[in-house]
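This chain uses plain numbering: 1 for the first residue, then up along the sequence.
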Amino acid sequence: MTSQVFNHEMFDLEHVHYASMMASWQRRMEIAQSKRDQQLIALLEQEKRQLEAAKPGVSWVGRAIAWAKNLWQQVTKAIDDASTLQVWQSVDQQGNRWWFAYDPTTGHSTCTDSETEMRIWIEQNYQGQ
């Protein structure tokens, strides 16, 4: 096998090329129909059957590439999420608002009763990050 077999862009190009050929066929068919050229219409219908028979599909390689790409995106997102500062707000039963923050990379956390205090804590602990 050549390296091109696993090139995802190659599969996209096949679909773009097929779409271009079908658009060209459509234009030629419209012209043939407008001129009522039955012989040309018959040839174009035969050409369309051949094009449809050669239509690129999603091969197992294409599906495998899409699956691997999706998996990689999920893994990188999980890693990013796992190392991102998490900040949230909660309201207790008495109606008091509380701000919480947790940094999974350091294990530091805090709880404040105002957004301003939370902003100060974040600025003091994450300056330049």
Side-chain angles (χ1 to χ4, degrees):
M1 283 189 203
T2 67
S3 61
Q4 288 182 333
V5 172
F6 295 100
N7 185 345
H8 185 64
E9 291 175 5
M10 183 176 171
F11 292 104
D12 291 340
L13 289 176
E14 288 177 6
H15 287 90
V16 169
H17 181 63
Y18 178 79
S20 175
M21 289 189 305
M22 290 304 292
S24 172
W25 176 87
Q26 183 65 39
R27 285 190 300 276
R28 290 181 289 132
M29 178 59 89
E30 289 170 1
I31 292 168
Q33 288 173 336
S34 71
K35 294 182 178 184
R36 294 186 172 92
D37 186 337
Q38 296 303 318
Q39 185 178 4
L40 182 55
I41 290 171
L43 288 171
L44 287 170
E45 287 172 348
Q46 180 181 1
E47 179 183 340
K48 184 177 183 183
R49 286 190 296 275
Q50 291 172 344
L51 286 171
E52 288 173 343
K55 180 179 181 178
V58 179
S59 68
W60 69 270
V61 174
R63 287 191 303 272
I65 290 169
W67 177 84
K69 184 177 180 180
N70 185 356
L71 177 63
W72 180 251
Q73 289 172 342
Q74 290 178 13
V75 167
T76 56
K77 183 180 181 323
I79 291 169
D80 287 344
D81 290 349
S83 61
T84 302
L85 176 67
Q86 300 168 19
V87 179
W88 67 97
Q89 184 184 54
S90 181
V91 179
D92 65 19
Q93 292 177 345
Q94 289 77 31
N96 300 314
R97 294 184 184 273
W98 295 94
W99 288 86
F100 298 89
Y102 172 70
D103 181 4
T105 58
T106 64
H108 295 148
S109 63
T110 190
C111 174
T112 67
D113 62 354
S114 76
E115 180 179 351
T116 303
E117 287 180 45
M118 179 57 68
R119 288 181 184 275
I120 292 169
W121 184 83
I122 291 170
E123 289 172 7
Q124 289 174 347
N125 290 281
Y126 298 97
Q127 227 170 9
Q129 291 185 5

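Both Tyr18 and Trp25 belong to a common hydrophobic cluster when Ile, Leu, Val, Met, Phe, Trp and Tyr are linked at side-chain heavy-atom distances under 4.5 angstrom.
Here CG of Asn125 is found 8.5 Å from CG of Asp103. Values are rounded to the nearest 0.5 Å. Here the CD-CG distance, from Gln38 to Leu43, works out to 11.5 Å after rounding to the nearest 0.5 Å. Here the straight-line distance linking atom CD of Gln74 with atom CD1 of Ile79 works out to 12.0 Å at 0.5 Å rounding. Taking CD1 from Ile31 and CD1 from Ile41, the interatomic distance works out to 12.0 Å, rounded to the nearest 0.5 Å. If you take CD1 on Ile120 and CD on Glu115, they are separated by 11.0 Å, rounding to the nearest 0.5 Å. The OG atom of Ser109 sits 7.0 Å away from the CH2 atom of Trp121 when rounded to the nearest 0.5 Å.
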Note to self: Applying side chain to side chain contact (heavy atoms under 4.5 Å, CB included) to Lys48 and Met29, what does each step give before you reach the verdict?
What the structure shows: CA-CA 10 Å; Lys48 184 177 183 183; Met29 178 59 89; over 6 Å; no
Checklist line | Candidate pair Trp98 and Phe100, rule side chain to side chain contact (heavy atoms under 4.5 Å, CB included), full reasoning | finding: CA-CA 7 Å; Trp98 295 94; Phe100 298 89; 3.6 Å; yes
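Under a 3.5 Å cut-off, the side chain of Ser20 and the backbone N or O of Val16 do not form any donor-acceptor pair.
Closest non-hydrogen pair, Trp99 versus Val87, comes out as CE3-CG1, 4.1 Å. Nearest heavy-atom pair across Thr84 and Pro104 is O-CD, 3.4 Å.
Salt bridge Arg49/Glu45: absent, no basic N to carboxylate O contact under 4.0 Å.
Environment of CH2 in Trp88: crowded, with over 12 heavy atoms of neighbouring residues, nucleotides or ligands closer than 6.0 Å. Counting heavy atoms of neighbouring residues, nucleotides and ligands inside a 6.0 Å radius, atom CD of Gln89 exceeds 12 of them.
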